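Below: one structure, written as structure tokens.
Nothing here was measured: the structure is a model prediction, and the numbers come from that model.
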Amino acid sequence: YAAMFDAFALIDGGGPGRGASDDKRIEKMEWVVAYEQIGHHGFIALQGISSKKQAMKVFNSMDDNGGGLLLLDEWCEFLKAAEVEAGTDLGILLAADAVDPNDALKAREENAGIEKVEVGAENQEE
């Protein structure tokens, strides 16, 4: 979550950390101006945003209440959901508090085309 906050803080107020211009939310204009700066943070949901039109589509997806502002909880939940759905290493860790933490592992197996193998199955014939 610290990396999520770091990316959020780069956009909120227009620079790293917290300063006088930070208001703990991201407005659409802040997002449009700064979305290119956070693609390197490693989050699946933030990679490959290549146009302002695409950036606005992502912003609207993150803005779960349609308020026109992104709060830190909306930001984190959006990034978390994308990581869990993609089955990334981070997604597996973030899914630990989910109802079924194996969902992230299942997504990883499906995305990688890995066949599920039961542990101990190779010793059952002996």
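Using a 4.5 Å heavy-atom cutoff, the side chains of T88 and I92 are not in contact. F43 is listed as a side-chain neighbour of L90, based on a closest heavy-atom distance under 4.5 Å. Residues W31 and I49 have side chains in contact (heavy-atom distance under 4.5 Å, counting atoms from C-beta outward).
Within the 3.5 Å criterion, the main-chain N or O of I11 finds no donor-acceptor partner in the side chain of Q37. E77 places no side-chain N or O within donor-acceptor distance of the main-chain N or O of E74, the cut-off being under 3.5 Å. Put simply, the side chain of W75 never gets that close to the backbone of L70: no donor and acceptor are under 3.5 Å apart. Judged by distance alone, the side chain of E30 and the main-chain N or O of E27 form a donor-acceptor pair under 3.5 Å.
No continuous path of hydrophobic side-chain contacts links Y35 to I44 [ILVMFWY only; heavy atoms under 4.5 Å]. Residues V33 and L10 do not share a hydrophobic cluster, defined by chaining ILVMFWY side chains whose heavy atoms lie under 4.5 Å apart. Following chains of ILVMFWY side-chain contacts shorter than 4.5 Å, one cannot reach Y1 starting from L71, and the two form parts of different hydrophobic clusters.
Counting only residues at least two apart or in different chains, side-chain hydrogen bond (donor to acceptor under 3.5 Å, both in side chains) contacts with residues 53-62 comprise S50-Q54. Within the structure, every pair that satisfies the side-chain hydrogen bond (donor to acceptor under 3.5 Å, both in side chains) test and touches residues 38-48, not counting sequence neighbours, is listed here: D6-H41.
N65 contributes atom CG, which lies 8.5 Å from atom CG of D73 (distance to the nearest 0.5 angstrom). The OG atom of S51 lies 9.5 Å from the CD atom of E36; values are rounded to the nearest 0.5 Å.
Listed by chain and number, the residues in a side-chain contact (heavy atoms from CB on, under 4.5 Å) with V32 are K52, M56 (sequence neighbours excluded).
Counting all heavy atoms, side chain and backbone alike, G91 lies closest to V84 at O-CG2, 3.4 Å. Residues L69 and D63 approach most closely at O-OD1, 3.3 Å, considering heavy atoms. In this structure, F5 and L72 approach most closely via the heavy-atom pair CD1-CD2, 3.9 Å. Across all non-hydrogen atoms, the minimal contact from L79 to A45 is CD2-CB, 3.9 Å.
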